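A quick write-up on the structure given underneath.
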Amino acid sequence: MQLVRGKYCIISLLIFVIAMLGGCQRQERQVSQDQVKFVIGVSQANLIEPWRIIMNEEIREEAAKHSDVRIVFTDAVQNSEKQVRDVGELLQQGIDLLIISPNDSVALTPVVAQAYKKIPVIVLDRAVEGYDYTLYIGPDNKSIGREAGKYISELLNKTGGNVVEIQGPSGVPSLQERSAGFREVIGKYANISIIDTIVADWQRDKAEDKMTELLDQYPKIDVVFAHSDYMALGAYKAAKKKGLTGIKFVGIDGFSGPNGGLQLVEDGVLQGTFTCLTGGREAIQYALDILNHEKGLPKKIIPRSNKITLANVLEYVKSTNEVKKNNPTSNRRIVLGFSQLGAESDWRRANSQSIKTAAREADIELIFLEGDQRQETQIRDIRSFIAQGVDVIAFSPVIESGWTEVLEEAKAAGIPVVLSDRAIKSNDASLYASFIGSDFVEEGRRAARWLVGQKKDTQQQNIVEIEGTFDSAPALDRKKGFAEIISNYPENRVIYSASGDFTEAGGQEIMKSALALYGNKIDVVYAHNDDMALGAIKAIEEYGLRPGKDILIVSVDATEAAFKAMLAGKLNCTVECTPLLGPQLMQAVKTLMMGRQLPMRIITSEGVFPAETARKDHVNRKY
Ligand code: GYE
């Protein structure tokens with residue numbers, strides 16, 4: 001890349017220092033510095049937690065597959081100030097990309113933002129605040145906690161019982177989320193009690209010692225739930241030493257290798273574990289995509305957590321070790337059934353086009369069925385895909401609820417399902433392989449942040465909110481995100497809101513009603529999509545007011561028509577929501593057909609476009 005001579009020298013020096021310190025020297029010595037194309041800096045929060053040691057190992061292993069990639073590791077030894085310095089030093093050394101797993105989200109946010117101004121940054125595990133990074137990969141700790149809670153309640157539901165929870169160091173957010181998810185579920189069962197909590201700082205021996213004390217204290221412990229397999233193993237050892245065999249141990253992580261959770265489940269030490277990927281391997285894979293300027297890369301990735309018990313451990317190990325050998329589609333084209341919800345907006349039309357083009361380019365046979373914004377139609381279409389035996393089903397669910405039955409049918413037929421663009425409401429994550437789409441809550445927040453940034457005084461602002469389709473994910477979430485920010489500014493009040501169903505005609509109608517009621521008292525329109533904003537613009541003009549001037553308008557999508565309206569001075573801001581999901585979807589379909597698992601959630605990368613910079617931004621728009 002843009003390696004300069006000085007940088008080579010510093011990097012060589014650094015590699016030398018690391019070699020002297022016994023770092024990853026073997027690999028570096030074999031390859032001459034001339035072959036180094038990319039240098040990736042890894043700033044690790046600490047190397048006390050086994051999970052982070054594994055993360056670094058994965059990074060090292062994955063990078064070793066590329067002879068032109070060098071990794072420089074730093075360890076912040078649990079100290080945020082040191083980590084800030086580490087990042088500064090890595091930047092000075094001229095790294096091409098930074099991977100950071102922050103010690104503390106708040107303390108590291110400024111330095112990550114600073115790094116991101118210069119180079120791509122991948123954040124792992126603990127998020128920083130805001131969106132000033134290239135990609136985030138991290139687990140959904142709350143849902144892991146909930147899944148563990150569900151499993152343990154199944155184990156104890158009939159008989160009832162006593163549970164001990166073993167946690168990492170107190171104050172760590174991931175831990176609080178896991179515990180909250182776990183307790184939320186367990187709290188529903190009157191006959192199950194969490195009788196004590198151990199804080200074992202992720203350490204096996206500490207878990208063992210503290211568990212030994214508890215075993216003396218409590219005559220009856222039925223299940224131990226530890227936030228890591230490693231701590232679960234410590235607790236197990238304590239029970240074993242006392243000759244107690246009736247206690248069940250459940251952990252989190254599910255690593256391979258000796259004493260990894262998978263082995264412990266196989267050996268019957270653990271009753272179950274919930275996998276929690278470190279993201280190390282994926283970070284390197286995405287780092288290379290980023291450095292090679294691949295297009296359509298996501299902003300956030302939430303890996304899937306799998307429940308592993310004796311019943312599926314061998315199958316799981318096999319599936320992670322080998323890519324399907326006798327892939328049934330290896331000699332023929334993959335068949336993808338896609339159920340599109342309709343053609344209600346410019347966004348939707350661009351989305352359909354993106355999917356069709358990407359399928360063609362990926363040589364995937366696409367059966368594309370377009371609905372009419374009605375759930376019945378989509379369910380019928382999905383059933384037809386099942387009947388035809390397609391390889392993968394993808395669909396954009398018009399509303400959030402009511403999909404369980406048809407998805408269970410797909411599951412029974414062994415056909416994986418990918419949610420595209422919109423989410424569903426379900427507490428069974430096994431019903432779909434992945435959800436690829438935007439963070440709609442954040443889009444709502446962005447619209448609100450833009451709005452509060454406009455005000456020069458604290459005069460009351462009367463807002464009309466034109467909502468999307470009732471019970472649809474983007475309508476629910478865009479409302480939620482907007483309200484979250486607005487609630488801190490009481491002078492902004494939503495005085496009227498109704499659904500315009502994401503269509504231009506719908507937006508026009510709602511705005512007409514709002515104007516009839518409130519007339520020139522309306523200061524702002526927040527529309528959940530551009531089409532409805534365009535409809536509102538018509539209604540405002542018909543009423544005799546000036547859209548964009550007498551009434552400010554902010555909407556979501558950033559379509560071509562929205563840019564034209566901004567250039568004409570009639571729309572004030574549009575928050576991006578990209579419909580160009582086709583390439584990511586085809587990538588996901590191919591990954592599935594190789595027998596690999598997809599992340600649970602793939603979140604697309606997007607921005608905000610105010611009218612002031614519309615002329616400049618317009619040049620790069622693709623839809
Ligand atoms: O914003 C709107 C469309 O689901 C994200 O649906 C999508 C939304 C999009 O009709 O224009």
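Numbering of ligands and ligand atoms starts at 1, following listing order. None of these values were measured; they are calculated from a predicted model.
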Taking the six-membered ring for Trp and the single ring otherwise, decide whether the centroids of Trp403 and Phe395 are under 6.0 Å apart. yes

Should you measure from each heavy atom of Cys577, which atoms of ligand 1 turn up under 4.0 Å away? 5 (C)

With heavy-atom distances below 4.0 Å as the criterion, list the atoms of ligand 1 near Ser345. 2 (C), 3 (C), 10 (O), 11 (O)

Go through ligand 1 atom by atom and flag the ones less than 4.0 Å from a non-hydrogen atom of Pro474. 4 (O)

Contact check, side chains of Lys590 and Ile364, non-hydrogen atoms, under 4.5 Å: yes

Atom 6 (O) of ligand 1 - nearest protein heavy atom and its distance: Arg422 NH2, 2.8 Å

Before giving the answer on side-chain contact (heavy atoms from CB on, under 4.5 Å), spell out for Asp523 and Asn462 the whole-Å C-alpha distance, their side-chain angles and the decisive distance to 0.1 Å. CA-CA 5 Å; Asp523 302 299; Asn462 292 327; 3.6 Å; yes

Side chain or backbone of Arg478 under 4.0 Å from ligand 1, or both, or neither, by non-hydrogen atoms? side chain

Would a line drawn from the ring center of Phe368 to the ring center of Phe338 be shorter than 6.0 Å? yes

Kindly determine whether Ser305 and Glu147 satisfy side-chain contact (heavy atoms from CB on, under 4.5 Å), including the steps that lead there. CA-CA 9 Å; Ser305 170; Glu147 291 305 312; 5.9 Å; no

Heteroatom proximity flag, Trp347 to ligand 1, N/O under 3.5 Å: no

Does the N or O separation between Asp421 and ligand 1 drop below 3.5 Å for any pair? yes

Please state which protein non-hydrogen atom is closest to atom 1 (O) of ligand 1 and give its distance, to 0.1 Å? Asp557 OD1, 2.6 Å

Would you mind listing which atoms of ligand 1 come within a distance below 4.0 Å of any non-hydrogen atom of Phe440? 5 (C)

Geometric cation-pi criterion Arg383 and Phe385, 6.0 Å radius, 45° cone: no

Nearest protein heavy atom to atom 10 (O) of ligand 1, by residue and atom, and its distance? Glu344 OE2, 2.3 Å

I'd like to check Phe482 versus Ile463 (side-chain heavy atoms, cut-off strictly below 4.5 Å). Are they in contact? yes

